[in-house]
There are 2 protein chains.
Amino acid sequence: MDTLSITLSALADPTRRAILARLANGEASVSELAEPFDMSLVAVSKHLKVLEKAGLISKGREAQWRPCRLEPKPLRQVDDWLESYRQFWNDNLDRLEAYAALLQKGGKNEPSN
Amino acid sequence: MDTLSITLSALADPTRRAILARLANGEASVSELAEPFDMSLVAVSKHLKVLEKAGLISKGREAQWRPCRLEPKPLRQVDDWLESYRQFWNDNLDRLEAYAALLQKGGKNEPSN
DNA sequence: CAGTTAATTAACTTATAGGTTTAATATAGG
DNA sequence: CCTATATTAAACCTATAAGTTAATTAACTG
């Protein structure tokens, strides 16, 4: 699998995204990260492994703790990928706005819904 | 599943991203979209269904063709989600740049690699 | 050293993703 | 009406994702 696919599939899980959101506020250990979730520590540990393989987090070691921290690179890669579509959706938005403006003006033949 | 998860997992497949890239250049039918891929038409049709369920494409009908077109909304949602992390990775980048600048300056204790 | 805490590994279950082939449906066109 | 074309549906296979519990490893602590 290519790295972008690996990143996106790591991100395609609400638990993992919540973990990343937590880590955006600073480092945290595995059990700290697991605490808010209604699942076993082992399950969270696996989620972390998925994030780690995608390069979205890295783990240090401090005694028996493995402090995790967010890594920016893969997120930036997603952003770069999105870049190609930004033009597209702006165009699309422009069209919608133009249409809305048209309606605002009170043209005669606007649809009723 | 939440919509963002559905979108991201739809995007986490290179075939589906290639389809979206193709559709960024305009509408295309199912068989046109399938043509470049080394898999059955049925498989591509399923990929399209995944994209459609995520709202990333929509299908029209023209005789026996189902022209597909790219829909911007879910991609924008991904972009919005990324927004929260942009600050983070810019900070991170700044730190790296500052460090690089420091090295440039020729400080004494820079690492050799 | 014994016990506790932190985390991972192993073995297992269940559901789903992604592909296949074959069959069905719908439309155009002679 | 018959046939070719476009697409979807159905049934199936296999690999993997996401969770579980139980066992293992590693480090601190009294």
Side-chain angles (χ1 to χ4, degrees), chain A residues 1-23 26-71 74, chain B residues 1-23 26-71 74:
Chain A
M1 274 281 249
D2 62 285
T3 63
L4 186 52
S5 296
I6 291 170
T7 300
L8 288 168
S9 93
L11 294 175
D13 181 289
T15 303
R16 291 195 287 260
R17 287 197 309 280
I19 289 172
L20 294 183
R22 166 75 179 72
L23 289 177
E27 297 198 351
S29 71
V30 176
S31 20
E32 282 170 342
L33 289 171
E35 195 272 326
F37 298 106
D38 188 24
M39 70 179 74
S40 71
L41 186 83
V42 177
V44 172
S45 180
K46 284 187 182 180
H47 279 304
L48 291 173
K49 179 148 292 171
V50 172
L51 290 170
E52 198 180 10
K53 278 189 182 157
L56 285 158
I57 68 168
S58 60
K59 281 188 207 162
R61 23 177 66 207
E62 266 182 54
Q64 66 265 61
W65 294 274
R66 301 294 134 84
C68 302
R69 67 168 182 284
L70 188 53
E71 292 290 343
Chain B
M1 275 279 246
D2 61 285
T3 63
L4 186 53
S5 296
I6 291 171
T7 299
L8 289 168
S9 93
L11 294 175
D13 180 288
T15 303
R16 290 195 288 260
R17 288 197 307 281
I19 289 171
L20 295 183
R22 167 73 178 72
L23 289 178
E27 298 198 350
S29 71
V30 176
S31 19
E32 281 170 342
L33 289 170
E35 195 273 325
F37 299 106
D38 189 23
M39 69 179 72
S40 71
L41 185 86
V42 177
V44 172
S45 180
K46 283 189 183 180
H47 279 303
L48 291 173
K49 180 149 291 171
V50 172
L51 291 170
E52 197 180 9
K53 277 189 182 156
L56 285 158
I57 67 168
S58 61
K59 282 187 205 161
R61 25 178 65 208
E62 265 181 54
Q64 66 266 60
W65 293 275
R66 301 294 131 83
C68 302
R69 68 167 181 282
L70 188 53
E71 292 291 340

Pull out every residue in residues 60-68 of chain B that has a heavy atom closer than 4.0 Å to any atom of DNA chain C, ordered by number, or say none.
-> B:Ala63, B:Gln64

Please state how far atom CG in A:Leu33 lies from atom C1' in C:dA7, giving the value in whole angstrom units.
-> 12 Å

Can you spot which of A:Leu33, A:Leu51, A:Val50 makes a side chain to side chain contact (heavy atoms under 4.5 Å, CB included) with A:Ile57?
-> A:Leu51

So which of residues 36-48 of chain A are in contact with DNA chain C, with a heavy-atom cut-off of under 4.0 Å?
-> A:Leu41, A:Val42, A:Ser45, A:Lys46

If you look at every strand shown and take non-hydrogen atoms under 4.0 Å, does B:Ser29 touch a base, only sugar-phosphate, or nothing?
-> sugar-phosphate

Check the distance between C:dA6's P and A:Glu35's CD and give it to me in whole angstrom.
-> 12 Å

Atom CD of A:Glu52 and atom C1' of C:dT8 are separated, to the nearest Å, by 12 Å

Rounded to whole angstrom units, what separation is found between the NZ atom of A:Lys49 and the C1' atom of D:dT16?
-> 16 Å

Pick from A:Glu27, A:Glu52, A:Glu71: which one makes a side chain to side chain contact (heavy atoms under 4.5 Å, CB included) with A:Ser58?
-> A:Glu71

Touch check for A:Ser9, heavy atoms < 4.0 angstrom, all strands: base, sugar-phosphate only, or nothing?
-> nothing

D:dT8 phosphate, OP1 or OP2, under 4.0 Å from B:Lys59 side-chain N/O | yes

D:dA18 C1' sits how many Å from A:Leu51 CG, rounded?
-> 14 Å

Do A:Arg17 and B:Ser5 have side chains that get closer than 4.5 Å, going by heavy atoms?
-> yes

Check the distance between D:dT16's C1' and A:Ile6's CD1 and give it to me in whole angstrom.
-> 14 Å

Side chains of A:Thr15 and A:Met39: does their closest heavy-atom pair fall under 4.5 Å?
-> yes

Rounded distance (Å) that lies between atom P of C:dA17 and atom CG of B:Leu11 | 15 Å

How long is the line joining CE of B:Met1 and C1' of C:dA17, in whole Å?
-> 12 Å

